[in-house]
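Below is one structure, written out as structure tokens, with a few remarks after it.
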Amino acid sequence: MPSRGNSILLLKMTTQEARLCGLLLREHFGDVVEKVGVHLLRSGTLNLRALAHETKTSLDLVKKCLCVLVQHGMAKFGPGRRGPAGPVEYQINCERILYMLRYPRYIYTAKSLYGDTGELVIEEILQRGQMTMSSVVRTVADRLTQNMEDGQSMDYSEVVNAFSKLVETHFIQRCPPVDSLGATASRTSSTGTADAPATTTPQSDQPESHPDCYRLPQIHLSGRGKRRRSSGDTEANGKGAKRAKMDNTEVCGDEGIHWQVNFERFHLHFRHQAIIGAVASKLDQTSSEIVRTMLRMSEVTTPATAAHTQAVSANEIFRALPPSYNISRPILDQYLTLLVDDPMEFVGKMGDSGGGMYVVNLHRALANLARATVESVVQERFGSRSARIFRLLLRKKHLEQKQVEDFAMIPAKEAKDMLYTLLSENLVQLQEIPKTPDHAPSRTFYLYTVNQLPTARLLLQNCYKTVGNLIERRLFETKENKRHLEKSQRIEAILASLQASGAETAQLAEVEEMITAPERQQLEALRHHINKLDSSENQVDETIFLLESYVNSASSR
Amino acid sequence: MAGKGRGIAAFTFNIEVLGLTRGSMPESQRGPQALFPQVEFKPVPLKAGEDEDYMLALKQEIRGRMKGLPFNIKPFSGRNDVERYKEKYVRECQKIEDEEWTPDWNRLPKELMPQKKKIRKKMGKYPKKPRKISNKEQEDVLSKLDELENKGDKSDEEKEKEEKKADEEEEVEGDEYDEELEEENDYIDTYFEDGDEYGAGSDDNMDEATY
């Protein structure tokens with residue numbers, strides 16, 4: 001088991017991840033990018049020519065694909081094994097591709113934090129990979145204006161405001177500067193060695209290491225969002241497009257400064273939400289608000305990978321609590337004691353000064369949340385009695401078969417069956433301890449045990465597989481009903497154009513009836529299925545996030 | 001249990017020691033598992049709620065939108081021979097504007113830039129060169145041959161030199177364009193085939209890469 005864990009770390013990618021990456025790439029960027037991307041994933045680092053040759057794709061297409069991947073931060077480039085003079089080599093970032101699964105969640109979070117404007121800012125940047133501030137502001141203002149009532153429009157300055165708030169809270173950041181390739185080559189050639197291809201890329205510089213990372217540029221941009229012309233008259237539309245294009249070329253003073261979404265920051269936010277939510281469901285609302293306050297206080301001072309937050313005293317917590325919570329000082333102390341005593345160990349006590357110094361145990365919280373996830377997976381898949389055995393093994397570490405049967409208070413025959421099922425699913429491991437060197441079974445202890453980290457890894461892989469299957473199923477459903485979908489699309493288009501030209505209601509009804517009742521039923525069923533599949537993807541990703549964070553935190557320890 | 005045979009009888013020890021009786025062994029598995037095995041426990045229903053619904057809508061919106069963005073690269077299947085009626089309404093209902101995307105080339109390796117200008121130079125030079133040789137240089141050679149008749153071996157050297165020079169030039173150029181020759185960018189070649197050689201540079205600012 002440990003060797004397998006290592007190989008996962010070394011390759012940073014498994015079969016299931018690669019499959020999911022391919023599916024995601026296809027869904028977002030089309031078949032060609034999928035082909036190029038998957039090949040790059042499989043072979044690690046490659047140069048342009050080799051890539052084109054091995055994928056049997058024309059050089060031009062490969063170039064475009066690489067442009068798209070680099071634009072979205074999914075591929076990196078750098079001087080290759082042959083040094084700065086050799087061909088540029090490309091490398092793909094599997095993790096970043098998998099983040100595409102989480103796009104809805106990033107956008108939703110931005111919406112809940114910064115309203116519609118924040119939502120659209122994040123959405124635009126995610127869809128385009130990286131953008132200059134001025135183009136974000138323009139596009140978002142235009143889109144907001146589009147949704148407003150007639151005569152109203154969105155002022156650019158409001159969007160600028162939302163944008164700068166997102167930058168201040170580090171949800172978006174500048175893309176690290178890329179020098180012209182010659183310059184980067186000389187700078188990174190010292191690190192660029194053949195045996196460590198992961199470090200050969202000039203872009204692997206952490207964006208945070210640049211001082212300007214969160215500095216807003218001065219932009220000269222004033223005005224309001226423009227409404228796109230109604231699609232009815234094409235001439236005006238064409239003119240509008242032309243005007244829009246001219247607007248876009250207007251100089252705003254921030255050319256060359258591109259912004260990207262800071263996924264790490266979003267992940268920190270998700271992690272904190274998960275901890276707060278867990279406290280709320282384990283204890284109560286008030287204690288979750290206390291934990292929320294503690295997390296907010298140490299947000300700036302705690303590094304992202306720290307095992308626990310900076311210690312804060314009970315006095316400080318009391319002062320920082322919003323007055324609306326109405327928590328008096330003695331009650332706060334009681335709550336803190338309660339939180340420290342809780343077996344989930346979300347909060348720890350570090351000292352007694354200042355009324356007691358408290359921390360939030362970030363890594364332990366993640367481990368406990370991951371454990372709860374694994375336990376609930378066992379419970380839902382194998383029943384509550386199997387889950388009892390599983391929890392028993394988690395708590396007691398090593399048990400013999402007889403002990404499992406006794407402690408779990410399950411009849412021997414059934415307990416064996418459950419234990420073997422868990423063993424064959426790799427959720428439980430078996431350890432042999434021979435009393436004599438000949439490993440004779442009669443003189444050997446057979447100890448059953450649960451290793452949380454490998455089990456979490458296993459479940460993570462299962463999750464990737466699940467999402468892959470969900471996407472495949474969705475594609476299959478769509479393909480099966482392609483004819484119906486196309487027909488309904490066509491009729492919708494006809495309806496829209498009729499409506500635009502001011503047709504009578506009778507005429508509209510007639511067109512609508514072109515879809516027969518059974519067809520309508522079938523379409524409804526399809527929509528229901530697809531919604532369910534999509535929702536499942538979103539929700540599996542929540543589990544993926546939790547398990548990933550746990551695995552990462554455990555391996556960084 | 002080193003695969004000495006099948007079933008319980010194969011064990012070298014008395015399995016009763018482990019607390020197993022004949023009936024308590026799990027059934028051995030025959031063949032691969034079914035693709036969709038019967039699940040003993042029904043899956044829990046999905047979470048429902050406003051936020052889940054909103055994220056679902058976002059997911060579907062993104063999926064639809066990414067198809068229309070210039071980052072979705074379509075293989076050149078070539079112009080469709082027949083314009084299909086379908087395409088018209090598909091374009092209409094998805095409101096695909098033929099949006100153009102010009103990446104910031106400062107942030108990308110030079111080699112990814114489509115090399116239209118260079119290729120155009122190539123197209124301009126290759127057909128010209130033989131013509132040049134055939135007109136002016138041939139005359140030179142002819143006159144030199146005349147001279148040669150008169151002066152004998154002195155001009156021989158000169159001629160050799162000249163030829164060498166020409167060879168060198170060709171070699172240099174050959175090196176430079178070898179790269180392009182390898183490429184299979186057939187679409188650009190055919191695009192500039194029809195007598196575009198002399199217009200080089202006239203519409204330079206139009207050939208920004210647009211995807």
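Basis for what follows: all heavy atoms, side chains included, without hydrogens, waters or symmetry-related copies. Just so we're on the same page: letters track the sequence lines, and every chain starts at 1.
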So which of A/K35, A/K532, A/E119 has the largest heavy-atom pair count under 4.5 angstrom toward chain B? A/E119

So, the part of A/R102 with a heavy atom under 4.5 Å from chain B: the answer is neither

Check: A/H72 ring centre within less than 6.0 Å of B/F71 ring centre: yes

Backbone N/O of A/L419 and side chain of A/T421: donor-acceptor pair under 3.5 Å: no

Minimum side-chain heavy-atom gap A/Y420-A/Q401 below 4.5 Å: yes

One should read off an interatomic distance between A/L470 CG and A/S535 OG, to the nearest 0.5 angstrom, of 10.5 Å

Is it the backbone or the side chain of A/Q539 that comes under 4.5 Å from a heavy atom of chain B, or both, or neither? side chain

Assess whether salt bridge (Lys or Arg N to Asp or Glu O under 4.0 Å) is satisfied between A/E27 and B/R65, documenting all intermediate values. CA-CA 11 Å; A/E27 193 154 291; B/R65 212 149 164 246; over 6 Å; no

At a 4.5 Å cut-off on heavy atoms, which part of B/D51 comes close to chain A: side chain, backbone, both, or neither? both

Contacting region of A/R381 [heavy-atom separation from chain B under 4.5 Å]: backbone

Does some side-chain heavy atom of B/L58 sit less than 4.5 Å from a side-chain heavy atom of A/N538? no

Highest number of heavy-atom pairs under 4.5 Å with chain B: which of A/A440, A/G129, A/A496, A/G383? A/G383

Under a 4.5 Å heavy-atom cut-off, does chain B meet the side chain of A/E414, its backbone, both or neither? neither

Under 4.5 Å from any heavy atom of chain B, what part of A/K111 do you find: side chain, backbone, both or neither? side chain

Is any side-chain heavy atom of A/L48 less than 4.5 Å from a side-chain heavy atom of A/V88? no

Against chain A, label B/Y54 side chain, backbone, both or neither, depending on which of its atoms sit under 4.5 Å from a heavy atom there. side chain

